[in-house]
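Some notes on the structure that comes next.
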Amino acid sequence: MKLVASLQPDTSSREIGSMAVWSVTSAKPGNGVELLRDGRDDTYWQSDGAQPHLVNVAFQKKVHLSEVAIYTDFKLDESYTPTKISIRVGNSFSDLREVRLIEMSEPQGWLVVRLPSEEEPATCLKGFMLQVAVLANHQSGRDTHLRQVRVFGPRCDAAKTLGHEVGFTSPQFAAYSAVR
Amino acid sequence: MESGTPPAALEEHLVSCVQHSLSLYLFENAAFLCERLVAQFPSEANLFLLATCYHRSNQSYRAYHLLKGLGGEQCRYLYALCAMQLGKLTEAETALLPDNDASRVPNGGAGFYLLGRIHQLSNRHSAAIAYYSTALQLDPLLWSAYEELCGLGADQEALTYLNTAAATASSSSTAPSSARLFTRYGVGSGAAGIADVGASSPPPAGDGQHGGTAAAGCLPTPATSMQPLATPSLAAQQQQQQQQQRGGLFVSPSGPAPMSTAGTRGGLGAMFSWMDSGRQRGAAPHTAAGSTGMRSSDGGSSATPSTGPSYLTPSPGGRFSAPPPHVQKVGGAAAAQQGMLSAYPAADTPQPLPVTTGGSLAWPGGGGDGGRQQQQQQQQQQARKFVDEGKLRKVSNKLFADPASVLKELRWGGGDNPHGGGGGAAACTTAEAAGSLSDVAAVHGVPRGLTSEEGQREALLLLHALGEGYRQLCMYRCQEAIDTWSRLPPQHYQTGWVLCCVGRASFEMVDYPEAAKAFSWARQVDPYRLKGLEVYSTVLWHCKREVDLAHLAQAATSLDRQSPHTWCIMGNCFSLQKEHETALRYFQRALQLDPTLPYAYTLAGHEYFANEDFEKGITCYRNAIRIDTRHYNAWFGMGHIYYRQEKYGMAEYHFRRALTINHRSSVLRCYLGMALHKLKRNPEALEMLGQAIAADPRNPLAKFERAAVLMAEERYRDALAELHALKDIAPREASVLFHMGKIYKKLDMLDEAMACFANALDLQPPSADTNLIKSAIDKLRVPDEEEEEEI
């Protein structure tokens with residue numbers, strides 16, 4: 001887990017949040033779930049109910065999940081900033097299990113959480129659903145602000161799509177591997 | 001309009017001013033003045049002039065609405081052009097081909113070219129091919145038609161045209177033969193196919209042009225509508241003649257052999273005979289105008305038959321038309337005709353004419369652009385009108401007083417453009433004259449140029465070389481194309497177009513370094529050219545040269561943000577950085593700028609594929625194919641998506657389709673082999689992969705796949721041999737070593753297997769693969785069990 005000021009484009013992973021249906025347990029009118037995905041740091045989702053506040057990301061097919069990135073800003077949000085976040089992965093609402101529990105203190109920027117599986121740290125988790133649960137806020141605030149959330153999955157290698165186990169690296173193979 | 005009264009003077013003066021402004025590119029000014037002109041003297045001619053002003057200032061929709069319903073030739077032509085720009089193809093087609101009457105296609109070659117474009121855009125490819133061929137027959141220098149013809153895959157027709165061009169170019173310049181040459185474009189050279197075989201033996205006297213009757217049969221396929229023209233045209237000619245004789249001024253086409261004068265017939269023979277006659281007449285003076293030598297006969301007065309025999313206006317193509325009348329005299333000398341001749345030359349002198357600018361381009365040598373033809377013709381007419389002292393006719397008189405003869409004269413006067421129907425009519429003529437009004441002065445300060453037989457030959461020689469190479473490129477015989485172009489003289493070779501084509505040919509041969517070299521040379525030679533650079537960006541993408549691609553993208557955006565090619569380049573740049581969403585946005589931008597660019601659709605499809613959005617990918621590829629059926633990249637893309645979705649039957653079909661278009665591509669064959677392998681048709685797969693390797697021995701993937709198939713067939717030794725060969729080509733490829741290790745394990749040569757795995761690990765492949773290799777090493781001593789499939 002690391003805190004960065006801005007997300008670097010990563011050639012080994014890609015954002016798969018657009019393939020999912022996003023929903024939240026509660027939202028204040030005018031600060032709905034769409035502001036979580038608008039790509040802007042100055043708009044936020046504000047919850048409006050009891051804790052824990054949940055953000056559910058439901059995919060239509062089983063996907064590989066490699067990272068989750070959450071943008072929060074303590075300076076602007078103060079007591080709305082989450083301090084304890086739980087990331088859960090599973091196949092449905094009833095099937096979620098926690099994979100990461102994160103404690104933060106006055107975060108400002110992107111929190112990037114890797115989601116490896118315990119057994120094989122190199123592979124990715126697979127699942128139909130991912131849930132970001134905000135368990136506690138700074139200064140014991142009730143509601144929370146999340147400014148952005150992004151979900152990443154690994155890029156598939158072109159060679160793997162051809163059915164080979166090991167990918168190609170040399171430029172000669174790359175040149176002949178497809179017609180563009 | 002009555003002459004002699006102030007209003008008429010006003011009209012003419014305004015027309016002249018408008019023309020002047022147009023020639024000086026002051027379109028707003030011209031539009032304003034023209035609006036005043038139309039307000040006071042609403043006539044079809046003036047409306048046409050106004051429409052031209054609008055069209056020049058990029059307001060095609062205004063021109064379109066203005067010209068709706070007007071029947072004059074030039075009006076119809078401009079109307080069709082505007083309609084096409086607005087995407088209204090049916091209306092454009094009706095305007096160009098009223099009642100499906102091909103004799104009334106305005107502006108000959110250019111009109112047919114527009115028809116071809118319309119049919120191509122509406123997916124009627126065989127008709128489009130026929131129209132392009134016709135256009136080329138009428139105007140052999142109409143390069144755009146030739147390009148589209150090749151793009152549609154009409155190899156035969158392109159070859160025919162090239163042979164014709166070659167024959168024309170190499171023929172001698174004696175008058176009769178030249179007459180023959182020019183008239184029968186298709187026939188003269190004996191080119192088969194479309195050429196009017198019927199109209200063979202042109203009598204040396206120049207009657208050769210005639211061949212009308214037989215020609216009727218020679219029309220190309222969709223010519224059913226054209227066939228019936230044979231009769232009307234003849235009738236029209238005769239009618240014309242009579243009228244002209246009456247009219248006196250512009251004499252009918254060569255007196256003695258009315259048909260013959262009509263001589264300039266293209267391969268389409270009779271159909272265009274009357275057009276030719278018109279053209280002929282017009283051309284004669286035209287060329288006369290061009291060449292000062294011509295002047296000799298002109299007296300500016302009526303009927304001084306000084307110039308001897310009637311000349312033939314070369315039929316093929318309006319542009320190319322008039323070889324110097326003196327030379328191309330065909331058919332009997334008609335005194336009348338000469339009278340006409342003489343009349344014209346005077347008229348055509350640019351110099352005395354303030355409006356027709358002193359040096360306008362009479363005949364641009366190259367590719368047809370209907371507008372320009374029209375321009376010239378109008379120039380001619382304009383010149384004639386104003387300078388034609390001998391006749392002492394005012395433009396307005398000629399326009400609106402209707403002796404049909406006068407009208408016809410005016411019409412023919414335009415010279416190189418075959419005008420609309422003989423019987424065509426007043427409307428035609430007025431429009432014609434109107435047409436002549438607009439765009440008279442083509443370009444200030446540039447010499448008008450002079451078409452001549454000699455020039456035509458040289459031009460055709462040049463185009464032949466270029467065209468031959470282009471044809472081969474379109475058929476994906478890339479090596480031959482490059483060889484053909486390398487035989488060009490260096491000053492032509494080192495131009496943007498040729499170098500970009502050479503680059504593209506190298507690209508199709510999967511020779512990316514060579515392609516990159518050619519393109520960068522092209523950019524040095526012509527740094528402001530954007531067309532064709534999207535292929536360069538793909539080459540750089542393949543070579544993974546990020547810096548160069550970014551540089552190219554920057555350069556392109558700073559040059560022209562309105563060009564679809566720029567956005568394709570930007571999209572490729574971002575795609576290389578793996579930012580597929582952004583790349584998609586840029587490709588969509590390119591498509592907004594030009595919805596008929598198939599490559600943008602294909603690239604967008606590739607991006608969707610990279611994002612695993614297969615539905616949208618397939619849609620994009622389908623769009624690309626809808627626009628251009630011969631876009632093999634899109635066929636490949638679809639096959640690739642189906643392969644990925646494990647629909648191997650569909651994949652095989654699509655790869656085969658792609659192969660029919662580009663039968664030399666090693667990558668396509670390799671993929672087809674892979675699909676066959678997945679369909680469990682291993683012998684065919686092996687054969688196909690063998691062909692892929694033969695097609696391009698540098699293709700490592702083909703060898704690799706072949707080894708994989710051999711492994712699946714348990715022919716381990718053979719597979720090993722392939723992999724060893726592959727190791728020499730691509731020594732740093734971990735997967736090759738990995739597979740070799742697996743084979744050694746199967747063959748129970750565990751030490752070699754271990755060595756291979758260790759080497760593979762040394763090459764430091766990406767982490768996921770490392771684990772795989774490590775686990776393979778661990779399992780070395782353990783007999784193979786089936787590996788679990790990853791979902």
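Both backbone and side-chain heavy atoms feed into the values below; hydrogens, waters and symmetry mates do not. Here is the naming used below: chain letters follow the sequence lines, and residue numbers restart at 1 for every chain.
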Please determine, among [options], the option with the most heavy-atom pairs under 4.5 Å with chain A.
options	result
B:Thr602, B:Leu668, B:Leu763, B:Asp696	B:Asp696
B:Arg732, B:His580, B:Lys544	B:His580
B:Glu579, B:Glu581, B:His606, B:Glu705	B:His606
B:Cys670, B:Pro700, B:Pro731	B:Pro700

Region of [X] that comes under 4.5 Å of a non-hydrogen atom in chain A:
X	result
B:Leu737	neither
B:Gln645	neither
B:Ser575	side chain

Find the distance between [atom1] ([X]) and [atom2] ([Y]) and round it off to the nearest 0.5 Å.
X	Y	atom1	atom2	answer
A:Arg180	B:Asn633	CZ	CG	10.0 Å
B:Asn699	A:Tyr176	CG	OH	6.0 Å
A:Met19	B:Asn611	CE	CG	9.0 Å

Judged by atom type as modelled, is there a donor-acceptor pair below 3.5 Å linking the side chain of B:Tyr671 to the main-chain atoms of A:Ser177?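 Yes; at least one donor-acceptor contact below 3.5 Å.
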Might you confirm whether atom CD of A:Gln60 has over 12 heavy atoms from other residues, nucleotides or ligands at distances under 6.0 Å? no
Could I get the full list of side-chain contact (heavy atoms from CB on, under 4.5 Å) partners for A:Gln46, not counting sequence neighbours?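 Partners of A:Gln46 by the side-chain contact (heavy atoms from CB on, under 4.5 Å) criterion, ordered by chain and then number, come out as A:Lys28, A:Asn31, A:Tyr44, A:Tyr80, A:His145.
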Which residues satisfy the side-chain contact (heavy atoms from CB on, under 4.5 Å) test with A:Leu96, sequence neighbours excluded? A:Arg88, A:Met129, A:Gln131
Exercise: identify the closest heavy-atom pair between A:Phe173 and B:Ala730: CE1-CB, 3.8 Å
